[in-house]
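A quick write-up on the structure given underneath.
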Amino acid sequence: MKRSVINTNIEWAMDLCKRMHFNLPDFFYWTPEEWEAKKDQTEMMRKVGLGWDVTDYASGDFDKVGAVLGTLRNGIMGDMKRPYCEKIIAMKDGQMLPRHFHYEKTEDIINRCGGTLCVEVWNSKPESEGYAVDYESDVTVYCDGVKVTVPAGGVVKVTPGNSITLTPYIYHRFYAEGGELIVGEVSKVNDDAKDNHFSEEIHLTIEEDEPVRHLLCGGYVME
């Protein structure tokens with residue numbers, strides 16, 4: 001993924017939040033120079049990965065498969081002093097996140113504002129079968145406490161203000177429909193580098209075609 005695409009789309013996400021009247025913490029707007037100047041004060045922020053992340057999931061087509069993610073708050077795995085995490089995901093109309101599940105994280109995925117969030121869900125098979133996607137069994141989830149059961153690969157549509165709860169080992173793939181979207185995520189503390197299981201292998205790299213305007217992962221530049 002090109003650095004120019006990362007820079008441009010972080011700025012698009014900032015503008016989307018402004019247009020949707022969704023206020024972000026100040027650190028989302030810090031320049032690389034400001035992160036450097038505050039490095040002695042921000043060790044914990046960087047350790048838990050606060051700030052921006054951008055990926056096209058190695059698709060080569062960010063507008064089709066990709067997202068701008070922002071971690072607003074997070075803690076350290078195993079440390080109960082801050083056992084929660086909050087994120088946002090800025091999505092373009094029609095943009096999709098690939099199918100994956102989490103080993104440990106239970107998360108509420110919330111449609112904060114914008115279009116409709118469409119969530120496709122599948123059960124996973126056991127570890128002995130390589131956590132393969134189960135294309136046969138029905139999937140049960142909860143939407144704001146209401147039990148919802150759909151066929152494998154069924155779509156749960158989440159309108160603004162509403163949410164879906166996703167528990168570990170439930171494969172999910174979601175996309176924006178009917179307009180740009182700000183998705184919220186509230187979950188237990190997590191480490192995405194260790195907790196995500198994608199149904200297809202993904203390798204991420206960055207092509208440095210222009211200077212960094214916005215650091216990723218709370219002050220760490222992704223390699």
Quiz prompt | M91 and E180, any side-chain heavy atoms less than 4.5 Å apart | solution = no
Quiz item: Would you say the ring centroid of H197 lies under 6.0 angstrom from that of Y103?
Solution: yes
Practice problem: Indicate, with yes or no, if the rings of Y57 and F62 have centres closer together than 6.0 Å. | Solution: no
Quiz item: Distance-only, no hydrogens or angles: does the D53 side chain make a donor-acceptor pair with backbone N or O of C217 under 3.5 Å?
Solution: no
Quiz item: Hey, does Y142 have a side-chain heavy atom less than 4.5 Å from the side chain of V148?
Solution: no
Quiz item: So, D144 side chain and S163 main chain: donor-acceptor pair closer than 3.5 Å or not?
Solution: yes
Practice problem: Find the distance between SG (C85) and NZ (K188) and round it off to the nearest 0.5 Å. | Solution: 11.5 Å
Quiz item: Does the side chain of E107 come under 3.5 Å of the side chain of H102 through a donor N or O and an acceptor N or O?
Solution: yes
Quiz item: E136 and W122: side-chain donor and acceptor closer than 3.5 Å?
Solution: no
Quiz item: Taking the side chain as C-beta and beyond, is there a heavy-atom pair between E11 and H214 under 4.5 Å?
Solution: yes
Practice problem: Show your working on salt bridge (charged side-chain N to carboxylate O under 4.0 Å, His left out) between E177 and K157 and close with a plain yes or no. | Solution: CA-CA 9 Å; E177 180 180 78; K157 295 198 172 187; 3.0 Å; yes
Self-check item: Polar side-chain atom of R213 near backbone of I10 as donor-acceptor pair, under 3.5 Å
Solution: no
Quiz item: Are any of the side-chain heavy atoms of Y29 and M14 separated by less than 4.5 Å?
Solution: yes
Exercise. Check whether W35 and V54 end up in the same hydrophobic cluster, where Ile, Leu, Val, Met, Phe, Trp and Tyr are linked by side-chain heavy atoms less than 4.5 Å apart.
Key: yes
Self-check item: Test item: C143 and T165 side chains (from C-beta on) under 4.5 Å apart, heavy atoms
Solution: no
Quiz item: When the ring centroid of F101 is compared with that of Y131, is the distance short of 6.0 Å?
Solution: yes
Quiz item: Taking atom types as modelled and ignoring hydrogens, do the side chains of N190 and K87 form a donor-acceptor contact shorter than 3.5 angstrom?
Solution: yes
Quiz item: Looking at residues at least two apart in the chain, or sitting in another chain, which of them share a side chain to side chain donor-acceptor pair (under 3.5 Å) with R99?
Solution: Y135, S199
Quiz item: According to a 4.5 Å side-chain heavy-atom criterion applied to Ile, Leu, Val, Met, Phe, Trp and Tyr, with indirect links allowed, do L24 and V48 form part of one hydrophobic cluster?
Solution: yes
Exercise. Kindly compute the distance separating CG (N9) from OG1 (T55), expressed to the nearest 0.5 Å.
Key: 11.5 Å
Quiz item: Got a second to check how far E33's CD is from E36's CD, nearest 0.5 Å?
Solution: 9.0 Å
Quiz item: Apart from I110 itself, what residues make up its hydrophobic cluster when side-chain heavy atoms of I, L, V, M, F, W and Y under 4.5 Å apart count as a link, directly or indirectly?
Solution: V186
Quiz item: Would you find a donor on one side and an acceptor on the other, under 3.5 Å apart, between the side chain of T8 and the backbone of V5?
Solution: no
Quiz item: Would a hydrophobic clustering, with Ile, Leu, Val, Met, Phe, Trp and Tyr connected at side-chain separations under 4.5 Å, put L97 with V183?
Solution: yes
Practice problem: Report yes if some heavy atom in the side chain of P25 is under 4.5 Å from a heavy atom in the side chain of L72; otherwise report no. | Solution: yes
Exercise. Side-chain contact test, heavy atoms from C-beta onward, threshold under 4.5 Å: evaluate it for K105 versus D192 and give yes or no.
Key: yes
Quiz item: Distance only, no hydrogens: is a donor on one side chain within 3.5 Å (strictly under) of an acceptor on the other, for S4 and N7?
Solution: no
Quiz prompt | Heavy-atom side-chain proximity of L117 to L181 below 4.5 angstrom | solution = yes
Quiz item: Can you tell me if N111 uses its side chain to pair, donor with acceptor, with the backbone of G161 under 3.5 Å?
Solution: no
Quiz item: Given E210 and R3, is the salt bridge (charged side-chain N to carboxylate O under 4.0 Å, His left out) satisfied, shown in steps?
Solution: CA-CA 6 Å; E210 69 177 32; R3 178 67 62 181; over 6 Å; no
Quiz item: Do you know which two heavy atoms are closest between V141 and I164, and how far apart they sit?
Solution: CG2-CD1, 3.9 Å
Quiz item: So, H172 side chain and H100 main chain: donor-acceptor pair closer than 3.5 Å or not?
Solution: yes
Self-check item: Heavy-atom closest pair, residues V189 and Y84
Solution: CG2-N, 3.4 Å
Quiz prompt | Between D134 and S137, a side-chain donor and acceptor under 3.5 Å | solution = yes
Quiz prompt | Residue pair T140 / T149, side-chain donor-acceptor N/O under 3.5 Å | solution = yes
Quiz item: With the 4.5 Å side-chain cut-off for hydrophobic clustering, are M1 and L215 part of the same group?
Solution: yes
